[in-house]
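Structure record follows, encoded as structure tokens.
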Amino acid sequence: MPNKSIVILISGNGSNLQAFIEAQKTADFGGEIIAVISNKADAFGLSRAESAGIPALSVQHTDYPSRESFDQALADEINRFNPDLIILAGFMRILTAGFVAEFRGRLLNIHPSLLPKYPGLHTHKRALENNDEYHGTTVHFVTEELDGGPLIAQAKTRLSIDDTEDQLLAKIQTLEHQLYPSTVKMLLKSQIKLKQDDVYFENDKLEQPLLF
Ligand code: GAR
């Protein structure tokens with residue numbers, strides 16, 4: 001089966017992007033990153049893409065007068081590449097309904113919490129403050145809801161009494177670097193699909209996200 005094409009959207013460091021750059025070197029990944037787009041021109045992830053020989057470009061939200069006009073420009077850039085899959089990897093922008101609808105079913109995000117817990121920012125701090133037993137990260141299809149949308153897969157870790165926010169961030173990112181490429185690999189093989197608002201694994205509707 002030919003490789004499917006992937007565009008990755010970032011805003012910053014791009015450690016998850018790096019995990020995909022490594023994953024696509026393995027024979028059975030099934031996908032190829034054909035472009036990386038950032039909404040910030042100085043995002044370190046753009047250098048990671050360039051070093052890997054992947055086209056890297058920025059569409060800066062500050063150059064556009066409205067959310068709609070930025071999202072249109074971003075969608076136009078993405079469509080130039082006609083990707084099978086669009087992966088948000090630390091892309092820190094709220095997307096408009098029109099953008100999300102255009103790419104529905106092939107637009108994925110990773111969020112550093114066990115969704116539906118803690119959408120939004122400061123997820124590690126909130127998990128620590130609430131003395132949660134577990135914290136983790138979630139891959140989901142993107143809908144209009146911020147950090148919402150049908151959940152596909154999660155990875156979790158038990159919180160330790162002496163975890164700091166920084167230590168927890170590092171632990172969660174290590175989980176993400178396994179979880180995100182593994183989940184995308186299943187999508188590339190068409191093992192996972194979105195039908196209406198439900199996620200199907202093989203032909204079974206998922207009642208819970210897959211746990212890694
Ligand atoms: C990741 O931990 C990801 O879960 C988070 O941003 C980080 C990006 O790191 N995303 C969100 O918070 C989305 N709401 P990276 O740039 O090193 O991949």
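Every number for a ligand or one of its atoms is a count from 1 in the order of the listing.
- Checked by distance only, ligand 1 and Asp147 come closer than 3.5 Å through their nitrogen or oxygen atoms.
- Remark: minimum distance from atom 10 (N) of ligand 1 to any protein heavy atom is reached at Ile110 O, 3.6 Å.
- Of all protein heavy atoms, the one closest to atom 5 (C) of ligand 1 is Pro112 CD, 3.8 Å.
- Nearest protein heavy-atom neighbour of atom 9 (O) of ligand 1: Gln173 NE2, 3.2 Å.
- When every heavy atom of Phe81 is checked against every heavy atom of Ile34, the shortest pair comes out as O-CD1, 3.4 Å.
- More than 12 heavy atoms of other residues, nucleotides or ligands sit less than 6.0 Å from atom CD of Glu50.
- Using a cutoff of 4.0 Å between basic side-chain nitrogens and carboxylate oxygens, Arg126 and Glu129 are not scored as salt-bridged.
- Heavy-atom minimum distance, Leu194 versus Pro150: CD1-CG, 3.7 Å.
- Taking only nitrogen or oxygen atoms, main chain and side chain alike, Met92 does not reach within less than 3.5 Å of ligand 1.
- For ligand 1, none of its N or O atoms has an N or O atom of Thr137 under 3.5 Å away.
- Here the heavy atom of the protein found nearest to atom 17 (O) of ligand 1 is Ser15 OG, 2.6 Å.
- Among all protein heavy atoms, the one lying closest to atom 1 (C) of ligand 1 is Glu176 OE1, 3.2 Å.
- For Gln24 (side chain) and Ile33 (main-chain N/O), a donor-acceptor pair under 3.5 Å exists by modelled atom type.
- Paired with Tyr118 under the rule side-chain hydrogen bond (donor to acceptor under 3.5 Å, both in side chains), one option of Asp147, Asp132, Thr138, Thr123 passes, and it is Asp132.
- The single protein non-hydrogen atom nearest to atom 16 (O) of ligand 1 is Gly14 N, 2.8 Å, given as residue, atom name and distance.
- Close approach of ligand 1 to Gly90 (heavy-atom distance below 4.0 Å) involves ligand atoms 6 (O), 8 (C).
- Counting heavy atoms closer than 4.0 Å to ligand 1, residue Ile172 contributes nothing at all.
- Residues Ile8 and Ala89 approach most closely at CG2-CB, 3.9 Å, considering heavy atoms.
- You'll find the ring centres of His140 and His111 outside the 6.0 Å limit.
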